[in-house]
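Some notes on the structure that comes next.
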Amino acid sequence: MNPQPLFLHNTLSRNKERFEPQQPPLVGLYVCGPTVYGEAHLGHARPYLTFDVLVRYLRLQGYRVRYVRNITDVGHLEHDADEGEDKIARKARLEQVEPMEVAERYTRSFHASMQALNILPPDIEPRASGHIPEQLHMIEELMKLGFAYESAGSVYFDVAAYAAQYPYGQLSGRVADELLAGAGNERRALEGQSEKRNPADFALWKKAQPTHIMRWSSPWSEGFPGWHIECSAMSRKYLGEPFDIHGGGMDLLFPHHESEIAQSQACCGQVPARWWMHNNMVTIDGQKMGKSLGNFITLNELFAGNHPRLSQAFDPMVIRFFVLQAHYRSTLDFSSEALQAAEKGYKRFMDGVGVLMQLKSDASGDDFAVDSFVSSLYDALNDDLNTPMLIARIYEFLPQIHRMHEGKAHLSAKSLTRLQQAVQSLVTEVLGLTATQQQTGTHLNGVMDLLMDIRQQAKERRDFASSDEIRKRLELLGIQIKDGKDKSEWSLS
RNA sequence: GGUCGGAUGGCCGAGUGGCUAGGCAGAGCUCUGCAAAAGCUCCUACAGCGGUUCGAAUCCGCUUCCGACCUCCA
């Protein structure tokens, strides 16, 4: 248990603030989940990884976290689609399947990728399509309160009416007057603009065009919910208002999260979440990795090494380690070289941790201060989840571990146990890193034991021609032999 | 144009006033029948120009360059 306070950066104040939930030990966390109309890519992995570490750390500290992460399966208007049709509907027509079939397929694929990355599932994973009544209800409330209006079957949020009563733009630093005056709208050609009272207004409900397949009944039209209302309605339903932490990618800051705040504040009179946390983007060649830019690499491509930019396949744990080696609020530049560096570093890291776990105490005194080292590890996480700092401090400690392993340094049983427990819980439970799994069957293990015995006998006869022949031919089969002092080890490469 | 964030050694990436982060690559060494792996050692960078300070990668100003958001996007 860590007695030190945890500081988390709050986008609302642009400062690190000491985290204290409203009703300890309960913590309510909402994270914007994926829109399931395509394969998850590396950029998607970042927020889920970031908040996975947060949830794991909070739980280690004894908090009871309710983690809600939605699945957006109702589709949203696609601006650059020719007919302005629903993203999911468009994909469905192309693939000749039901829209929900597409959503289901990519939801399953998303779950598989998350599991591979050892990202714990959220406690509640609500689907937008399953919460249409809640969204309709919230829209009706907003209309009743005078913050929304109907226009040609669609319903829009009235930003001017809202801004007259509440501060608008506080999260993103936008100035309400300028937005209302249409600043930055020069390049907009959004469909439906003429229906709005003001260009800054955003849709709560959209009337479906005849070609639009995904549609639900509402008091105003057959249509579908607007771009931001699902998160407001679902977070309110499962976490109440206000809840503790709302998370998501930086690109959602505006308009998505700003709109969520406006909707919820208009309804309930307060900002819906106390902490707003935003992870930075994954870049590739200095540019954001994103669907619309077409420069993304899917997680499955990374796991399989199946992309022109990749020289090899990467273990999901290496991807996880790679992402955690950068602080979540910094951009992270992707390249195959950077991943290869992470792969090698990860192996050394986990090997060192593995050596530590095998250590036995044979001393009564301590050769170094375990307590200050362990607290320095917690300090890193307490400082706005500084995972790269945590990793670096463990790396720095690796030589000490090796000195102990060689019998050149010692720790008492009590200190060693404390060290092992701390590293174990931080590396395995919080960072979520586990040794990469080697898939070997019992048959292979048996055959390899036999071969290794034969080779060992050859070595003892100083028949190096034979032992080298075995090693060379196994290497061609993808099995690597490493000779130690007394015995040899093998591994699939 | 507006809002926000960056520029750190060959590459990735921490660090908000003094104590050379760390990883990868590279060099040397140890171990070893050889190889591989591993371990040890070395490699002292902070875009530019001013300013504040005993002292600045870190604070302030200016300049240059880059990115995110302002339109679905993690």
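Letters A, B, ... mirror the listed sequences (proteins, then strands); counts begin at 1. It should be emphasised that the depicted structure is a prediction, and the values quoted were computed from it without experimental measurement.
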Dot-bracket encoding of pairs in RNA chain B, which uses [ ] for pseudoknotted crossings and | for another strand, Watson-Crick or G-U under 3.5 angstrom: (((((((..(((.....[...))).(((((.......)))))....(((((..]....))))))))))))....
Quick one: does A:L8's side chain get under 4.5 Å of A:E17's, heavy atoms only? no
What nucleotide among B:C73, B:A14, B:G23 has an atom nearest to a side-chain atom of A:Y395? B:G23
With respect to the phosphate group of B:C24, does any side-chain polar atom (N or O) of A:R348 fall under 4.0 Å of OP1 or OP2? yes
Would A:K459 and A:D483 pass as an ion pair if we require N to O under 4.0 Å? yes
Rounded to whole angstrom, note down the P distance from B:C24 over to B:A38. 9 Å
Nearest-angstrom distance from the residue atom CD of A:Q400 to P of B:A38: 20 Å
Please pick, from B:A36, B:A68, B:C34, the nucleotide with the shortest atom-to-atom distance to any side-chain atom of A:D468. B:C34
Between B:A21, B:A36, B:G33, which nucleotide has the shortest distance from any of its atoms to the side chain of A:Q480? B:A36
Residues A:D468 and A:R473 bridged, charged N to O under 4.0 Å: no
From CA spacing to verdict: salt bridge (charged side-chain N to carboxylate O under 4.0 Å, His left out), A:D158, A:K196: CA-CA 9 Å; A:D158 191 338; A:K196 297 182 186 177; over 6 Å; no
Could you give the CD-to-P distance, from A:E475 to B:A36, as a whole number of Å? 10 Å
What is the separation between atom CG on A:N279 and atom P on B:C4, rounded to the nearest whole Å? 20 Å
Validation: residues 383-394 of chain A side-chain donor-acceptor distances under 3.5 Å, sequence neighbours left out:
{"from": "A:D383", "atom 1": "OD1", "to": "A:K16", "atom 2": "NZ", "distance (Å)": "2.8"}
{"from": "A:D384", "atom 1": "OD1", "to": "A:H9", "atom 2": "N", "distance (Å)": "2.9"}
{"from": "A:D384", "atom 1": "OD1", "to": "A:Y328", "atom 2": "OH", "distance (Å)": "2.6"}
{"from": "A:D384", "atom 1": "OD2", "to": "A:Y328", "atom 2": "OH", "distance (Å)": "3.3"}
{"from": "A:D384", "atom 1": "OD2", "to": "A:R329", "atom 2": "NE", "distance (Å)": "2.8"}
{"from": "A:D384", "atom 1": "OD2", "to": "A:R329", "atom 2": "NH2", "distance (Å)": "3.0"}
{"from": "A:N386", "atom 1": "OD1", "to": "A:M389", "atom 2": "N", "distance (Å)": "3.1"}
{"from": "A:T387", "atom 1": "OG1", "to": "A:L324", "atom 2": "O", "distance (Å)": "2.7"}
{"from": "A:R393", "atom 1": "NH1", "to": "A:S376", "atom 2": "O", "distance (Å)": "2.8"}

Looking for any heavy atom pair under 4.0 Å, which part of the strands does A:K288 touch: base, sugar-phosphate only, or nothing? base
So A:L253, base contact, sugar-phosphate only, or nothing? Heavy-atom distance under 4.0 Å. nothing
Nearest-angstrom distance, P atom, B:C46 to B:A21: 12 Å
With the sugar-phosphate defined as primed atoms, P, OP1 and OP2, and the base as all remaining atoms, what B/S/- string results for nucleotides 7-12 of chain B, 5' to 3', for protein heavy atoms under 4.0 Å? -----S
Select one nucleotide: of B:G33, B:A25, B:C72, the one nearest the side-chain heavy atoms of A:K344. B:A25
Are OP1 or OP2 of B:A14 and a side-chain N or O of A:S330 less than 4.0 angstrom apart? yes
Within this structure, what is the CG-to-C1' distance between A:N386 and B:A14, rounded to whole angstrom? 7 Å
Given that A:L293 and A:A326 both sit by RNA chain B, which one's nearest nucleotide is further toward the 5' end? A:A326
Nearest to the side chain of A:R14, heavy atoms from C-beta on, is which of B:G2, B:A14, B:C4? B:C4
Nearest to the side chain of A:R471 - B:C70, B:A68, B:C34? B:C34
Salt-bridge present (A:D201, A:R197; N to O < 4.0 Å): no
Rounded to the Å, how far apart are A:R455 CZ and B:G33 P? 12 Å
Base, sugar-phosphate, or nothing for A:T50, non-hydrogen atoms under 4.0 angstrom? nothing
Using the rule given for salt bridge (charged side-chain N to carboxylate O under 4.0 Å, His left out), can you reason through A:D123 versus A:R69, listing the C-alpha separation, both sets of side-chain angles and the distance that settles it, and then say yes or no? CA-CA 8 Å; A:D123 300 294; A:R69 189 184 66 203; over 6 Å; no
Specify the residue among A:H402 and A:F321 whose closest nucleotide of RNA chain B lies further upstream toward the 5′ end. A:F321
Here's a test for you: under ring pair (Phe, Tyr, Trp, His ring centres under 6.0 Å), which of A:F303, A:F296, A:Y48 qualifies with A:H41? A:F296
Compare the minimum distances between each of B:C34, B:G2, B:G22 and the side chain of A:A392, then state the nucleotide with the smallest one. B:G22
At 4.0 Å (heavy atoms only), tell me whether A:E343 reaches a base, stays on the sugar-phosphate, or touches nothing. nothing
Under 4.0 angstrom, heavy atoms only, what part of the nucleic acid is A:H256 near: base, sugar-phosphate, or nothing? nothing
Which value, in whole Å, describes the distance between the C1' atoms of nucleotides B:C65 and B:U20? 29 Å
Can you tell me how far P of B:A38 sits from CE of A:M404, to the nearest Å? 19 Å
